[in-house]
Amino acid sequence: MQDFDVVVIGSGPGGYVSAIRSAQLGFKVAIVEKYAVMGGTCLNVGCIPSKALLDSSEHYYNAVHSFEEHGIDIAKPKVNMGQMIKRKAGVVSNLNAGISYLMKKNKITTFHGLGSFDSAKTVKVTKEDGSSEVISAKNIIIATGSKPTILPFIPVDKERIITSTEALKMKEVPKHLIVIGAGVIGAELGSVYARLGSKVSFIEFADSMIPTMDKTMGKELQKSIAKMGADFYLSHKVTSAAVKGKEVTVKAQDSAGKEVEIKGDYCLVCIGRRPYTDGLNLAAAGLTADERGRVAVDEHTLQTSVPGIYAIGDVVRGAMLAHKAEEEGTFVAEVIAGQKPHINYNLIPGVVYTWPEVAAVGKTEQELKAAGIAYKEGSFPFKALGRAIASGDVDGVCKVLADATTDEILGVHIIGARAADMIAEAVVAMEYRASAEDVARMSHAHPTYTEAMKEACLAATAKRSIHS
């Protein structure tokens, strides 16, 4: 039996980062990955491939709709779905190889096979051929991630009624794609195919798109995607879905009980994700999952109820975000090493990689109202931003929420070009408890998208935005 200081089960963003940080701290480390390639959901069937398709579809959309205005004359472009998927696969393959290289560079032993607890200090690795071996560890980190949630009454056949995994390897552009769920994943993948020419219909139980984010963001994103011809059935509950030949029929009811019937050639189910602990054999380690499948951990150490066993990422409470898992992976490695790291969960940003992008950090306006916190709000529209006008990306707004008394920034919500990158400025400011006036007084290069942040802070500070 091979012995290790740290064994990590799962090689997604949380898993491989925790393995690398543990190795940097001088531990003897092993990582166990169920599949033949490293990277988990994020790299293989999540964050990375979806962004590859988002970028490809945006290039196509611009070629069709924007090139002529920019003085670029080309023959009418057409979608080569095979090449688009091939490019996406190449992006994923390159990053797979990169993670494998990092394992070797940091002298991390890699095991491919299903990792399951044999005891609180041992992990059984079962390979595809049925053979197995047991390894031991002083510390074990559960980083097994999540899987798509499926409604029990929807027959997902992975051909016509599909999940995000199948949506990333389509062989044709759907004529009419029905998307159940207008949250982050539904919005991103729905926008991919809307840009490629599909008719897209979103069915969402909540009363807005991306319902976990600030209401302004959902409203603005819906307006933008609607320009591509998408339909929205908000406050609708799906009651059934059926496939007949190449046609999918989805039925849903609005809040008053009125039924609608939508027919398309594909239906994408994006209603969220569930923690993935299947086959982990938690009981052998003395652990159980809660009613939502999550593993309970101490909020100060991310250690489970069993000493020496930790859990991170999608398998524990909190937002299911790759960068949240990465932060927790580093955190746990440093806890094991006796350090005192910290994570401010309020300042982990959320991003939707549609175009325009949506990004946010801190409290939403709705959360501040519910908590009875007095605040002031400053907004700045991208249509008044020089850089956005120059690029033609005028959809969007930057919204800053600050404490009514102290002026401390409590939340920043951006929809617009490069919002995913812009949000980092807000995170830095809020980590150092900056006021809106602090950011407003900082010099921002002109012309840039980040000037929207300065202008919004000016508006929040004294209603003195210069350009609106």
Side-chain angles (χ1 to χ4, degrees), residues 45-46 49-50 53-54 56-57 60-61 79 81 84-85 147-212 218-219 221-274 352-355:
V45 290
S50 63
L53 289 184
L54 281 158
S56 293
S57 66
Y60 171 78
Y61 187 82
V79 176
M81 204 65 198
M84 202 171 285
I85 298 299
K147 295 286 186 183
T149 298
I150 302 299
L151 292 170
F153 57 87
I154 295 183
V156 175
D157 59 9
K158 299 185 178 182
E159 293 182 5
R160 290 290 163 178
I161 300 180
I162 62 177
T163 69
S164 57
T165 300
E166 292 76 46
L168 293 169
K169 52 185 179 183
M170 299 281 280
K171 295 180 180 179
E172 63 179 354
V173 177
K175 296 180 180 66
H176 185 180
L177 176 65
I178 304 167
V179 183
I180 300 177
V184 175
I185 299 172
E188 289 185 355
L189 292 176
S191 71
V192 165
Y193 290 103
R195 289 196 292 242
L196 295 179
S198 298
K199 172 69 178 179
V200 178
S201 296
F202 292 94
I203 307 174
E204 170 58 50
F205 183 74
D207 62 358
S208 70
M209 291 193 76
I210 49 174
T212 60
K219 179 181 177 181
L221 181 60
Q222 181 179 342
K223 284 164 57 178
S224 181
I225 294 180
K227 292 178 181 178
M228 295 186 284
D231 289 335
F232 296 88
Y233 298 85
L234 304 177
S235 299
H236 277 69
K237 178 183 178 181
V238 173
T239 56
S240 68
V243 179
K244 185 176 181 180
K246 295 183 178 181
E247 184 177 74
V248 182
T249 301
V250 178
K251 294 181 180 180
Q253 292 180 346
D254 66 13
S255 55
K258 181 181 178 181
E259 186 175 81
V260 295
E261 183 177 278
I262 308 165
K263 295 182 182 291
D265 52 338
Y266 289 92
C267 174
L268 170 60
V269 182
C270 291
I271 58 167
R273 299 181 65 83
R274 64 174 180 85
V352 187
Y353 295 90
T354 47
W355 196 263

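All figures in this text were calculated on a predicted structure; none of them were measured in a lab. Below, all heavy atoms of this structure are taken into account, side chains as well, without hydrogens, waters or symmetry copies.
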Peer 1: Report, one line per pair, each donor and acceptor closer than 3.5 Å where one atom sits in a side chain of residues 176-193; sequence neighbours left out.
Peer 2:
residue : atom : partner : partner atom : Å
His176  : ND1  : Lys263  : O            : 2.8
His176  : NE2  : Ser201  : OG           : 2.8
Glu188  : OE1  : Lys51   : NZ           : 3.2
Glu188  : OE2  : Tyr353  : N            : 2.8
Ser191  : OG   : Ala187  : O            : 3.2
Ser191  : OG   : Glu188  : O            : 2.7
Tyr193  : OH   : Ala167  : O            : 2.6

Peer 1: Looking only at heavy atoms, what is the nearest atom pair of His236 and Ile203, with distance?
Peer 2: CB-CG2, 3.9 Å
Peer 1: Are any of the side-chain heavy atoms of Leu234 and Gln222 separated by less than 4.5 Å?
Peer 2: yes
Peer 1: Ignoring hydrogens, what is the shortest heavy-atom contact between Ala194 and Met228? Give both atom names and the distance.
Peer 2: CB-CE, 4.1 Å
Peer 1: For Lys219, does the NZ atom have more than 12 heavy-atom neighbours from other residues, nucleotides or ligands under 6.0 Å away?
Peer 2: no
Peer 1: Taking all non-hydrogen atoms of both residues into account, name the closest pair between Val248 and Cys267 and its distance.
Peer 2: CG1-CB, 3.7 Å
Peer 1: Restricting to side-chain contact (heavy atoms from CB on, under 4.5 Å), what partner residues turn up for Asp207, sequence neighbours left out?
Peer 2: Lys215, Ser235
Peer 1: Are side-chain heavy atoms of Glu159 and Val243 found at a separation under 4.5 Å?
Peer 2: no
Peer 1: Can a donor-acceptor pair be found, under 3.5 Å and without considering hydrogens, that links the side chain of Thr249 to the backbone of Ala242?
Peer 2: no
Peer 1: Starting from the C-alpha separation in whole Å, work towards a yes-or-no answer on side-chain contact (heavy atoms from CB on, under 4.5 Å) for Ser50 and Leu168.
Peer 2: CA-CA 7 Å; Ser50 63; Leu168 293 169; 3.9 Å; yes
Peer 1: Can you sort out the partners of Phe205 under ring pair (Phe, Tyr, Trp, His ring centres under 6.0 Å), two or more places apart, ordered by chain and number?
Peer 2: none
Peer 1: Listed by chain and number, what are the salt bridge (Lys or Arg N to Asp or Glu O under 4.0 Å) partners of Asp231, not counting sequence neighbours?
Peer 2: Lys199
Peer 1: Which heavy atom of Ile161 sits nearest a heavy atom of Ala241, and at what distance?
Peer 2: CD1-CB, 4.0 Å
Peer 1: Taking all non-hydrogen atoms of both residues into account, name the closest pair between Met81 and Val173 and its distance.
Peer 2: SD-CG2, 3.9 Å
Peer 1: List the residues meeting side-chain hydrogen bond (donor to acceptor under 3.5 Å, both in side chains) with Ser57, not counting sequence neighbours, and say none if there are none.
Peer 2: Arg195
Peer 1: Is Arg160 reaching over with its side chain to a backbone N or O of Asp265, donor-acceptor style, under 3.5 angstrom?
Peer 2: yes
Peer 1: Got a sec, which residues hit side-chain contact (heavy atoms from CB on, under 4.5 Å) with Lys158, two or more places apart in sequence or on another chain?
Peer 2: Val156, Glu166
Peer 1: If you take all heavy atoms of Phe153 and Ser240, which pair is closest and at what distance?
Peer 2: CE1-N, 4.1 Å
Peer 1: What's the spacing between Lys147 NZ and Arg274 CZ if we round to 0.5 Å?
Peer 2: 8.0 Å
